[in-house]
Amino acid sequence: MTATTTPSTATRVPAPAPDGTTARRRRRGRPEPIAYVFLVPALLVFTVFVVIPALVGIFYSFTDYVGFGGWSFLGLRNYVALLGDPGIREAYGFTLGFAVVTVVVAQVIALTLAIGLSKRIRFAAGLRAIFVIPMVVSGIVVAYVFSFLFSNTLPAFASAVGLDPLSQSILGNPDLAWLAIVVVSAWQTIPGALLVYTAGLTSIPGDLYEASSLDGAGPWRQFRSITLPLIAGFVLINTILGIKGYLGVYDVIVGLTGGGPGNATSSVAMTIFGGFTGGDYAYQMANATVFFVITVLISVLQLVVSRGRNIRL
């Protein structure tokens with residue numbers, strides 16, 4: 001009896017791939033040519049209207065250019081002068097302090113509202129619609145409305161109830177005017193943070209809360225052990241966006257205090273724009289360059305810290 005042998009599957013040689021298959025596999029990781037049709041125009045517009053003007057402005061920061069006419073090269077003189085300018089230091093101090101305080105206030109209130117609206121309460125949808133109204137109103141309009149409230153309504157109410165410290169407009173008090181800016185800025189930006197937190201809370205499975213309740217965890221323990229860790233990425237997003245927005249605050253201050261009393265509430269953005277229109281173009285362009293670098297460094301630091309703590313969306 002003759003035994004028949006079959007070739008082992010391990011020794012089989014695969015058939016050659018059809019023509020063009022290998023080339024298609026190599027091109028699989030590359031973008032399609034149609035992508036460049038949309039990408040290139042966007043890059044051109046961004047370069048022409050953002051990158052080139054920024055580079056031109058940085059160049060003029062090394063000159064004595066006043067916004068028109070001729071100029072001469074000064075080197076680092078404008079940047080050295082910034083270090084010894086008390087007005088610039090005060091503007092940076094106010095802006096950074098305002099941004100930190102406002103982002104904390106806005107995030108705490110927004111997260112509290114989001115948690116409350118995520119519960120099964122009546123009229124939750126209607127309340128969400130009401131709470132997002134400030135986000136669609138112009139900042140300068142909001143500032144003028146609150147300016148009337150702080151200058152007339154609040155002092156009248158304080159006088160009626162006997163609150164003497166508030167019987168005068170806080171907008172005219174150098175020590176309290178910044179509180180008005182914090183209130184208005186937080187009131188306007190809370191809705192955006194509220195929407196982000198609402199999206200984060202809806203992504204948390206309800207089974208986690210049910211299981212923790214069975215284990216005896218109360219609302220505070222659930223917040224610390226479940227809610228906050230799982231929405232940490234959303235907290236990071238809101239913090240970065242909040243810091244970025246508050247560092248560039250301008251319209252709210254213009255509508256409320258105009259930078260006063262004196263220069264008590266003058267932000268970096270107001271100082272820069274004031275220099276552009278006041279014949280101090282090159283000096284304030286150097287200020288804008290420094291402010292841009294500081295903003296980028298703060299954003300990078302936030303990302304590095306969050307990455308070190310393994311914060312993920």
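Note that this is a predicted model, so its numbers are computed, not measured. Keep in mind that the numbers below use all heavy atoms, side chains included, and drop hydrogens, waters and symmetry copies.
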Under the side chain to side chain donor-acceptor pair (under 3.5 Å) definition, can you give me all pairs with a residue in residues 71-84, not counting sequence neighbours?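 Found S61-Y79, D64-S72.
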Side chains of V142 and V252 in contact at under 4.5 Å (non-hydrogen atoms):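 Answer no - side chains too far apart.
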Any side-chain heavy-atom pair from V254 and M270 closer than 4.5 angstrom?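 In short, these two side chains touch, coming nearer than 4.5 Å.
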Quick one: side chains of residues 239-246, donor-acceptor pairs under 3.5 Å with protein atoms, not counting sequence neighbours, listed by atom name and distance.
from	atom 1	to	atom 2	distance (Å)
T239	OG1	V235	O	2.7
Y246	OH	T189	OG1	2.5

Checking side-chain polar atoms at under 3.5 Å, does T102 have a donor or acceptor matched by the opposite partner on S185?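 Absent: no donor and acceptor within the cut-off.
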Taking the inter-plane angle between the rings of F94 and F98 on a 0 to 90° scale, is it parallel (under 30°), tilted (30 to 60°) or perpendicular (over 60°)?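 Ring orientation, 0 to 90° scale: parallel.
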Is the ring pair F59/F73 parallel, tilted or perpendicular, if the boundaries are 30 and 60 degrees?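 If you compare the ring of F59 with that of F73, the planes turn out tilted.
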Given I253, which partner from the list D251, V249, L256 fulfils the side-chain contact (heavy atoms from CB on, under 4.5 Å) test?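 The residue from D251, V249, L256 that satisfies side-chain contact (heavy atoms from CB on, under 4.5 Å) with I253 turns out to be V249.
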F46: hydrophobic cluster co-members (side-chain, 4.5 Å):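 Joined to F46, directly or through intermediates: V50, V51, L55.
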Applying side-chain contact (heavy atoms from CB on, under 4.5 Å), name anything that partners [X], two or more places apart in sequence or on another chain.
X: T295; result: L247, F291
X: A217; result: S212, R221, Q222
X: V296; result: F292, V300

Taking the ring centre of each residue, are Y65 and Y281 less than 6.0 Å apart?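 Yes: the rings meet the under 6.0 Å criterion.
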Flag if over 12 foreign heavy atoms under 6.0 Å of CG, N263: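 Not more than 12 within 6.0 Å, no.
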